[in-house]
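For reference, the structure is listed below as structure tokens.
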Amino acid sequence: MSSDLSEADITAIVHENDTYPDQVWYTIAVFLFVVGCFQWGSLLHSKFARRRHHESDEETGTTNDIQYKVSLRRIPLAIVNAYRVVAFRWTLEIGQSYTLNMAEVFTTVAYIALLLIYAFINTTSVEDQKLDIIYWSNRIAMLASSQFPIVTALGTKNNLVSLVTGISYDRLNYIHRMMARTCFMLLWVHAAGEVVCFSSFRETLSEPWLRAGITAMVAFSILIIVSLRPVRSDIYEVFFYVHFLGVLIFLVGGYYHTKGAYGSYWIWPSFVIWALDRFIRAARLVVFNHSYFGFKSGSGTMDAMTEMLSEDVVRLCLRRPPHFHWSPGQTAYLIMPSVSTLPFEAHPFTIASFDSSLLSTPNTEDQSGSGEDYEPQVLGSSAPFWKELVFLVNVHGGFTKKLKEVAATKGMVKVFVDGPYGSSPDLDSYDTSVFVAGGSGISYTLPVFLSVIERVREGKSSCKRVVFIWSIRGAGYVQWIEEALIKAVQLAPPSLIVSIRIFNTGSLSTTQSMERNSSLSNAIEKNGTSEQVETQKGSSMSLLWSLRGVKMENGRSDLDVLLKEEVSMASGSMSVSVCGSQGIARAVRHALRFPVSGPSSILSGGPSVTLYVESFGYA
């Protein structure tokens with residue numbers, strides 16, 4: 001290790017510290033551009049395929065005639081499906097909580113390798129000392145600092161990366177965490193290198209720039225610890241506060257630490273990106289909740305009614321403002337000053353209702369007026385999923401525990417809505433759509449399921465079969481959405497086959513209750529009339545079981561068997577959307593691997609299967 005730097009060494013170090021971070025950025029920009037081309041190209045292809053499929057159906061009048069002859073014309077489709085299986089269904093599973101698909105593994109390894117390569121190439125000094133610590137110690141810090149703007153952008157709800165790639169912010173959140181942790185690793189390597197490299201390190205501890213750097217790293221270290229999934233899930237509020245303060249301390253400390261080394265120009269854009277996102281969110285908050293801010297008479301129109309659906313699920317219903325629209329599967333951030341510890345806390349939840357008039361009735365239309373005394377109505381035991389904003393909240397600790405206490409008294413809470421965020425899957429071009437949910441995972445699958453039925457009714461979807469699979473812990477859970485399911489089945493056009501499979505994994509008492517309801521349904525179907533059915537307790541439940549294609553079974557669902565059966569019956573294209581626990585998501589991925597979606601199946605006329613996995617959980 002050289003202690004004295006020659007002029008040639010200094011020139012090389014300065015040049016590489018300036019140019020290598022730029023080259024890393026160029027590489028990342030090219031990667032994002034390629035991903036964006038694939039994403040937007042896939043979107044355009046799906047729209048073209050949908051139009052072509054409609055034209056083909058109108059000309060031939062055929063539907064799902066499965067071909068068993070090998071067709072070489074399907075080679076590109078076979079390659080695409082093989083890529084989907086390898087990239088998104090082959091997974092690295094760590095314990096019961098962590099699952100990374102191969103696309104995430106590849107991105108992680110490639111990103112770490114990219115930074116390490118640029119950190120340690122050309123580190124031979126003029127004196128021919130290889131891997132000279134003076135060369136890479138500061139360079140590795142500059143490389144890490146150069147990533148802060150994109151790391152910040154990936155952590156915001158409104159960012160340029162989502163716009164370019166077409167990938168929603170929530171799906172980019174893994175990349176945000178991965179890049180932050182990689183930079184954390186590099187910065188500690190830099191710190192260790194500085195301690196080893198400079199013998200006068202202890203003497204410089206009194207320097208403000210060094211203290212700022214140490215403070216930044218302490219804040220960053222605490223932030224990384226609380227962002228680990230077990231900690232983040234168990235104490236989300238702690239993570240929320242620490243994340244906000246930790247990032248602020250880290251960026252401010254990093255700015256002053258790098259200012260003397262002329263590296264602060266990588267830090268200050270992070271403040272701009274964060275401030276722009278907050279400005280956009282504040283503007284959306286005012287627009288979507290304008291009655292609270294005195295822009296319209298009738299304050300309090302966004303008050304929400306709470307209700308306990310089970311020991312661990314709270315339903316939140318609030319009137320939908322006329323100007324608030326969303327797509328199925330999107331999320332919103334809810335701010336409840338009277339419930340949260342701090343008044344500006346925002347918690348994300350999937351919107352479980354459907355922004356459509358498909359299921360509306362004259363009564364619900366009348367209820368959507370603009371009177372100040374309006375209160376969200378619960379029809380029977382099922383909230384109207386078409387004229388209100390409905391959220392199903394899993395109860396954990398902290399914020400949701402306090403919300404549960406309010407719901408126990410069916411209290412009203414004042415809610416500010418920030419959203420909607422995320423993207424909605426485009427399922428119009430698929431011949432078969434399958435939805436798999438566990439518990440409150442129906443917050444995502446139900447609106448998309450209803451959307452498919454509406455699109456088919458409007459002639460905008462080529463779907464011929466839609467399957468809804470839901471695993472629940474008790475038969476009473478069906479009451480959450482029974483009215484929506486009944487109307488969905490009743491309004492489905494004759495050209496669409498609807499299959500609803502509900503699996504009750506609850507205790508024997510709940511199973512016996514379900515069986516009594518089913519027996520009552522059969523008795524009424526044989527001996528009663530529709531008017532008599534409506535007067536019985538639990539009449540809508542009985543009506544649901546009497547509908548064609550609706551079935552409830554005891555025990556766990558065998559997703560491997562169910563999905564393979566659907567694939568064997570499908571042709572053309574098939575989508576599978578899942579929102580549930582890690583176990584459910586893993587089971588679906590395993591079922592749709594080779595040979596189900598393999599090249600041999602596709603070449604023989606089998607369906608092209610696309611999988612959508614929605615994140616599940618409070619954090």
Side-chain angles (χ1 to χ4, degrees), residues 16-36 38 86-88 90-95 97-124 130-133 135-155 159 161 164-165 167 169 171-194 196 213 216-217 220-229 232 243 246-247 250-251 254 258 263 266-267 270:
E16 291 162 1
N17 286 356
D18 287 341
T19 58
Y20 284 0
D22 293 339
Q23 292 178 21
V24 169
W25 261 93
Y26 296 148
T27 305
I28 294 175
V30 170
F31 175 76
L32 294 178
F33 176 76
V34 172
V35 171
F38 274 105
V86 173
F88 303 109
W90 285 6
T91 55
L92 175 64
E93 298 173 356
I94 306 172
S97 302
Y98 293 91
T99 300
L100 298 178
N101 60 48
M102 289 299 105
E104 292 172 334
V105 172
F106 168 79
T107 303
T108 301
V109 172
Y111 180 72
I112 294 174
L114 174 68
L115 292 181
L116 290 180
I117 288 172
Y118 272 100
F120 293 105
I121 60 171
N122 296 331
T123 53
T124 301
K130 296 181 180 180
L131 293 176
D132 193 329
I133 194 170
Y135 270 72
W136 57 257
S137 178
N138 277 319
R139 186 198 302 174
I140 206 168
M142 293 296 290
L143 288 169
S145 300
S146 71
Q147 300 304 294
F148 295 157
I150 191 170
V151 172
T152 304
L154 290 171
N159 65 77
V161 180
V164 171
T165 62
I167 303 175
Y169 83 93
R171 298 188 184 279
L172 290 172
N173 195 258
Y174 166 77
I175 307 298
H176 164 73
R177 298 194 303 272
M178 180 272 292
M179 294 179 72
R181 290 164 184 171
T182 302
C183 292
F184 173 74
M185 175 192 70
L186 295 181
L187 290 176
W188 270 117
V189 172
H190 159 71
E194 292 296 291
V196 172
M217 284 306 300
F220 202 4
S221 300
I222 296 174
L223 176 59
I224 291 296
I225 292 173
V226 300
S227 68
L228 296 175
R229 181 175 297 176
R232 191 173 74 246
H243 187 274
V247 169
F250 170 70
L251 289 178
T258 59
W266 287 117
I267 308 296
S270 299

F250 ring center near F148 ring center (under 6.0 Å):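 Yes, close enough.
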Is there a side-chain contact between [X] and [Y] in this structure, where contact means two heavy atoms from C-beta onward sitting under 4.5 Å apart?
X: I175; Y: M178; value: yes
X: L186; Y: L116; value: yes
X: I150; Y: L32; value: yes
X: V151; Y: H176; value: yes

Under a 3.5 Å cutoff, is there a donor and acceptor pairing between the side chains of T108 and Y174? yes
Is the side chain of E104 donor-acceptor paired with the backbone N or O of N101 at a distance under 3.5 Å, no angle test?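 Indeed, once roles are kept as given, a pair shorter than 3.5 Å links the two residues.
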Pair Y20-S146, side chain to side chain contact (heavy atoms under 4.5 Å, CB included): steps then yes or no: CA-CA 10 Å; Y20 284 0; S146 71; over 6 Å; no
Which heavy atom of [X] sits nearest a heavy atom of [Y], and at what distance?
X: N17; Y: M142; answer: O-CE, 4.1 Å
X: A216; Y: G254; answer: CB-N, 3.8 Å
X: S227; Y: R232; answer: O-NH1, 2.5 Å

Just checking F38: does its CZ atom have more than 12 heavy atoms from other residues, nucleotides or ligands closer to it than 6.0 angstrom?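 No - once you tally the heavy atoms of other residues, nucleotides and ligands closer than 6.0 Å, there are 12 at most.
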Please verify the inter-ring angle class for W25 with W266; under 30° counts as parallel, over 60° as perpendicular, anything in between as tilted.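 Rings of W25 and W266: parallel, as their planes differ by under 30°.
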With salt bridge (charged side-chain N to carboxylate O under 4.0 Å, His left out) as the rule and sequence neighbours excluded, what pairs involving residues 137-151 come up?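 Matches after skipping sequence neighbours: E16-R139.
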Tell me every residue that passes side chain to side chain contact (heavy atoms under 4.5 Å, CB included) with Y98, counting only those two or more places apart in sequence or in another chain. I94, R229, P230
Residues in salt bridge (Lys or Arg N to Asp or Glu O under 4.0 Å) contact with R181, at least two apart in sequence or another chain: none
